[in-house]
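One structure below.
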Amino acid sequence: MPLIAVLPGDGIGPEVTTHARRVLEALDLGLEFQEAPIGGAAYLAAGRPLPAETLALAKKADAVLFGAIGDPRFEGLERRLRPEAALLGIRRELGLFANIRPATLFPGLEEASPLKAEVVKGLDIVIVRELTGDVYFGEKGRRTNIEGLRQGYDVMSYNEGEVDRIVRVGFEMAKRRRKKLCSVDKANVLETSQLWRDVVNEIAIEYPEVQLTHMYVDNAAMQLVRRPADFDVIVTGNLFGDILSDQASMCAGSIGMLPSASLSAWSGANGMYEPIHGSAPDIAGQGKANPCAAILSAAMLLRHSLVNEAAAKRVEAAVGAALAKGARTADLGGSLSTTEMADAVLQELV
Ligand code: NAD
Ligand code: IPM
Ligand code: MN
């Protein structure tokens, strides 16, 4: 019986994760679920954002269903005790270097995007974001410089092995789709990016069927608003991928629509499935959160960890059918509560 670790986390994390779990349960696949605290919730319960028991459960599970972490009450804590440290820690400990963030516009959501309908029409892109390196995991700290001024620093670096494995995920993804890969970097300024670009070009020789382009991240941010549907697969580093995926979410109508899969291998491995959004303290506890990103993350869990494409498609189709009938939470311009939206999806699950 496959074991699913459920880590609801903070804020709207538990509110949306409960419905992703309901959807998985409704499929009747004989899954076993075990829940554990993470983030601010774990700090309150155990004094640490990533308790050893939570990490052990995540390691032993076949897949992890993650909600969101983050709590303004803990922003003043030393960094290793903050909720965010748990998310970074679990990604690193599980070796989840590949974060797959699809941004798809479901038909009918054109009006939910602040961009014009004709600009976002047909949007179907995947951002492949590196997840365990970059400036996120380099040396960081505070010091006093020679002028006596306080200085903060975070070292950005990638080694060629880290670039190689994520770029291959990008090419493999593009090969299975419209065969266009755009590598996003800042090679005109950053040496980290120049190495990234060199490695991409070396690997490209192995994928002659994929049309490769390189784009600077500032231009990519602009093109994502100008002609987002022209992209197919974007591969990029941890920081650029974090920023561009939140931006891409608005091309798809709302950040409440974007799921992700964090993987340690292309397929079949244990992975973590996480909406790209955070704990949304501004709407937490109000029943307003859109559960679709969490539900679509469950679909990705079915696809990548349980290798059950049919079940994944059933879940995605149910979300599409509910939206087609007009089901909308507030972020999409509607008035359904989190539970009502999830119920609408569950009703379409055939
Ligand atoms: P956020 O993603 O939590 O919220 C940004 C905005 O989007 C807010 O206005 C929020 O209400 C809205 N929003 C997000 N998800 C939504 C949903 N499902 N339905 C409707 N509206 C939604 O980002 P933030 O406000 O910058 O960060 C809040 C906290 O979350 C911080 O502590 C941050 O570190 C953390 N965070 C965690 C994750 C994660 O757990 N993966 C991701 C991003 C931010
Ligand atoms: C995300 C979040 C995280 C990140 C934070 C909360 C550590 O923004 O999952 O996109 O930057 O990766
Ligand atoms: Mn983010």
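Start at 1 and go down the list; that is how both ligands and their atoms are numbered.
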Checklist entry - To which protein heavy atom is atom 6 (C) of ligand 2 closest, and what is the distance rounded to 0.1 Å? => result Glu84 CG, 3.9 Å
Item to check | Contact with ligand 2 for Arg82, non-hydrogen, under 4.0 angstrom | outcome: no
Item to check | Pair Asn201, His214: side-chain N/O donor-acceptor within cut-off below 3.5 Å | outcome: yes
Next on the checklist: On a heavy-atom basis, which atom in Gln247 and which in Ala221 lie closest, and how many Å separate them?
Outcome noted: NE2-O, 2.7 Å
Checklist outcome for this item: Sorted by chain and residue number, the salt bridge (charged side-chain N to carboxylate O under 4.0 Å, His left out) partners of Glu93 (sequence neighbours excluded) come out as Lys59
Checklist entry - Could Arg129 and Tyr136 be counted as a cation-pi pair, given that NZ or CZ must be under 6.0 Å from the ring centre and within 45° of the axis? => result yes
Item to check | Distance from atom 5 (C) of ligand 2 to nearest protein heavy atom, with residue and atom | outcome: Leu87 CD2, 4.3 Å
Checklist entry - Does a donor on one side chain and an acceptor on the other come within less than 3.5 Å for Arg101 and Asn99? => result yes
Next on the checklist: Taking N, O or S atoms only and a limit of 2.8 Å, check whether Asp246 reaches the Mn ion (ligand 3).
Outcome noted: no
Checklist entry - Does ligand 2 have an atom under 4.0 Å from some heavy atom of Arg91? => result yes
Next on the checklist: If you count every heavy atom of other residues, nucleotides or ligands that lies below 6.0 Å from Lys325 atom NZ, does the total exceed 12?
Outcome noted: no
Checklist entry - In terms of residue, atom name and distance, what is the protein heavy atom nearest to atom 11 (O) of ligand 2? => result Tyr136 OH, 2.5 Å
Checklist entry - Do the two ring centres, one from Phe66 and one from Tyr273, sit under 6.0 Å apart? => result no
Item to check | Leu88, Ile69, Asp242: member with heavy atom nearest to atom 7 (C) of ligand 2 | outcome: Leu88
Checklist entry - To the nearest 0.1 Å, how far is atom 1 (C) of ligand 2 from its closest protein heavy atom, and which atom is that? => result Arg101 NH2, 3.5 Å
Next on the checklist: A quick test of your reading: do over 12 heavy atoms of other residues, nucleotides or ligands sit less than 6.0 Å from CD of Glu160?
Outcome noted: no
Checklist entry - Is any NZ, NE, NH1 or NH2 atom of the basic residue among Arg91 and Glu274 found under 4.0 Å from an Asp or Glu carboxylate oxygen of the other? => result yes
Checklist entry - Any salt bridge between Lys288 and Asp282, counting N to O under 4.0 Å? => result no
Checklist entry - For Asp242, what is the atom name of its N, O or S atom nearest to the Mn ion (ligand 3)? => result OD1
Checklist entry - How would you list, by chain and number, the residues with a heavy atom under 4.0 angstrom from ligand 1? => result Ile12, Phe66, Ala68, Ile69, Gly70, Asp71, Glu84, Leu87, Ile255, Gly256, Ile276, His277, Gly278, Ser279, Ala280, Pro281, Asp282, Ile283, Ala289, Asn290, Asp331
